[in-house]
Amino acid sequence: MRNVTVLAGGVGGARFTRGLLAHLAVAAPDTAVTVIVNTGDDLWLDGLRICPDLDTIMYTLGGGINEEQGWGRPAETRRTSAEIAAYGRGWSWFTLGDLDLATHIVRTDLLRNGSTLSEATEFLCRRWQPGVRLLPMSDQPVETHVCLAENIDEHASGDYIHFEEWWVRYRARVAVSGFIQRGLTDAVAAPGVLKAINTADFVVLPPSNPVVSVGTILAVPGVRDALRSTAAQVVGVSPIIGGVAVRGMADACLSTIGVETTAVGVGLHYGSRHSGGILDGWLIDETDATALPALAAAGIRSAAVPLWMTDLPTTTALAGAALRLVAAN
Ligand code: FO1
């Protein structure tokens, strides 16, 4: 039995993992996949604990995702959230569909009755059967908040707002001076997280947001050290193609932390395991092939292949290319 561990955020991580499972079903059907998921986007809203990245991966792998959106459920209605808005509560710009609300209600019910987030996630997965072990990065709440660098609406420069407000209400177009992970100092890796890295044959970093998704997972105590010391091969897939963020507004996050929005910039940001970083391999797009020498010079094994995850076959091929890149080692 081989073990593959994925460190994933939301949409990019979910779609990549779906391709990884399709690839392994043919290439190595006896492989167990564990996905360690970013919980930095999690928030309390309307009295419910919302876990965007856990739900996106659970729905995507469980066949319940709204494919166009990449999050939430298909054929949704918004009757309950309209009623909440009528009371003047909630976030009118953050859609909680009626079907999706059931997930948040059941999760909150479990948490209020003593379940950890890991236990609640495992319970929800009994219904969705995602085909992977889904682990939150931590059972303690860790929330990404952004420090505003300008006045907007009721907020002033210097205020901190939740990542989701910046991401969804302002589409990451409001200047921010930095990110913090609220709760990180009291957080420990969830049960099984460090072991899933230490006992893996491969650890994969999909093209999730390197700052607020993968970066947040790497900030959990012990995760970065486990990546440096594991016997697994660690391979990542660039979330930047031709200087453009594949999904979401990763470029706004990268510029905030002073990393250039290029395939080589993110690869060097993660760093080679030979020089204190976490990568053995780094997959970039064909349009970025000129970056290969710089990555090789940094001690990172790289290849330039088609990175656009346009459909399941292309994503399946991409996942295979990622594992092949470092399998030879
Ligand atoms: N993304 C949006 O762009 N608009 C929304 O209204 C929205 C609501 C939402 C509700 C539940 C959920 O699990 C995810 C939701 N997302 C929404 C996506 C979310 O912002 C992203 O999935 C991640 O947090 C960032 O990758």
Side-chain angles (χ1 to χ4, degrees), residues 6-18 35 37-62 64-82 84-85 90-108 117 120-121 124-125 128 130 134 136-137 141-146 161-174 176 179 181-182 205-217 239 245-254 256 309:
V6 183
L7 274 58
V11 184
R15 286 179 175 160
F16 178 85
T17 305
R18 188 166 55 184
V35 185
V37 184
N38 166 49
T39 59
D41 299 359
D42 296 4
L43 72 155
W44 285 105
L45 188 60
D46 305 323
L48 301 172
R49 192 66 181 163
I50 317 285
C51 300
D53 285 356
L54 280 167
D55 291 349
T56 286
I57 294 173
M58 182 175 73
Y59 289 157
T60 299
L61 302 185
I65 193 70
N66 180 318
E67 197 64 48
E68 294 68 46
Q69 278 181 171
W71 53 269
R73 299 288 306 282
E76 262 292 15
T77 49
R78 302 183 185 179
R79 299 183 68 195
T80 308
S81 58
I84 292 169
W91 279 352
S92 58
W93 36 269
F94 193 81
T95 302
L96 290 175
D98 293 319
L99 303 181
D100 192 35
L101 276 167
T103 300
H104 310 314
I105 290 167
V106 169
R107 176 191 290 117
T108 305
L117 182 57
T121 302
L124 295 170
C125 286
W128 291 104
L134 212 48
M137 67 186 198
V142 178
E143 294 189 4
T144 301
H145 287 243
V146 305
I161 62 173
H162 191 281
F163 167 78
E164 289 290 359
E165 181 168 4
W166 180 62
W167 195 254
V168 176
R169 185 180 183 188
Y170 299 121
R171 310 312 297 170
R173 290 201 188 96
V174 172
V176 298
F179 303 98
Q181 275 79 31
R182 282 252 162 85
L205 307 184
S208 292
N209 187 308
V211 180
V212 292
S213 295
V214 175
T216 302
I217 301 171
V246 167
R247 248 207 79 82
M249 293 70 85
D251 44 345
C253 301
L254 286 163
T256 300
M309 300 192 290

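Just so it is clear, the model here is predicted, and its values are computed rather than measured. Indexing begins at 1, ligand by ligand and atom by atom, following the structure's order.
Asp55 and Thr103 share no donor-acceptor pair across their side chains, judged by distance under 3.5 Å alone. Between the side chains of Asn66 and Tyr59, no donor-acceptor pair of N or O atoms lies under 3.5 Å.
From the protein, the heavy atom lying nearest to atom 23 (C) of ligand 1 is Asp41 OD2, 3.4 Å. For atom 16 (N) of ligand 1, the closest non-hydrogen atom on the protein side is Trp71 CD2, 3.5 Å. Counting protein heavy atoms only, atom 13 (O) of ligand 1 is closest to Pro52 CA, 3.2 Å. Among protein heavy atoms, the minimum distance from atom 4 (N) of ligand 1 is reached at Val168 CG1, 3.3 Å. With hydrogens left out, the protein atom closest to atom 3 (O) of ligand 1 is Arg171 NH1, 3.1 Å, a heavy atom.
For the ligand labelled ligand 1, residue Gly10 lies outside the 4.0 Å heavy-atom shell.
Each of the following atoms of ligand 1 lies closer than 4.0 Å to a heavy atom of Glu164: 19 (C), 20 (O), 23 (C), 24 (O). The atoms of ligand 1 that sit less than 4.0 Å from any heavy atom of Trp167 are 20 (O), 25 (C). Listed by atom number, the atoms of ligand 1 under 4.0 Å from Trp93 heavy atoms are 6 (O). Per-residue contacts place Asp100 under 4.0 angstrom from the following atoms of ligand 1 (heavy atoms of the residue considered): 11 (C).
With sequence neighbours excluded, the residues that form a ring-ring contact (aromatic ring centres under 6.0 Å, His included) with His162 are His145.
The aromatic ring centroids of Trp166 and Phe179 lie less than 6.0 Å from each other.
Ring geometry for Trp91 against Phe94 counts as perpendicular: the plane angle is over 60°, on a 0 to 90° scale with 30° as the lower cut.
In this structure, the side chains of Leu101 and Leu48 come closer than 4.5 Å at one or more pairs of heavy atoms.
Of all the heavy atoms in Glu76 and Asp98, the pair that sits closest is OE1-N, 3.0 Å.
In Arg78, the CZ atom is not crowded: 12 or fewer heavy atoms of neighbouring residues, nucleotides or ligands sit closer than 6.0 Å.
Contacts between Thr95 and ligand 1, counted as non-hydrogen atom pairs separated by less than 4.0 Å, involve both the backbone and the side chain.
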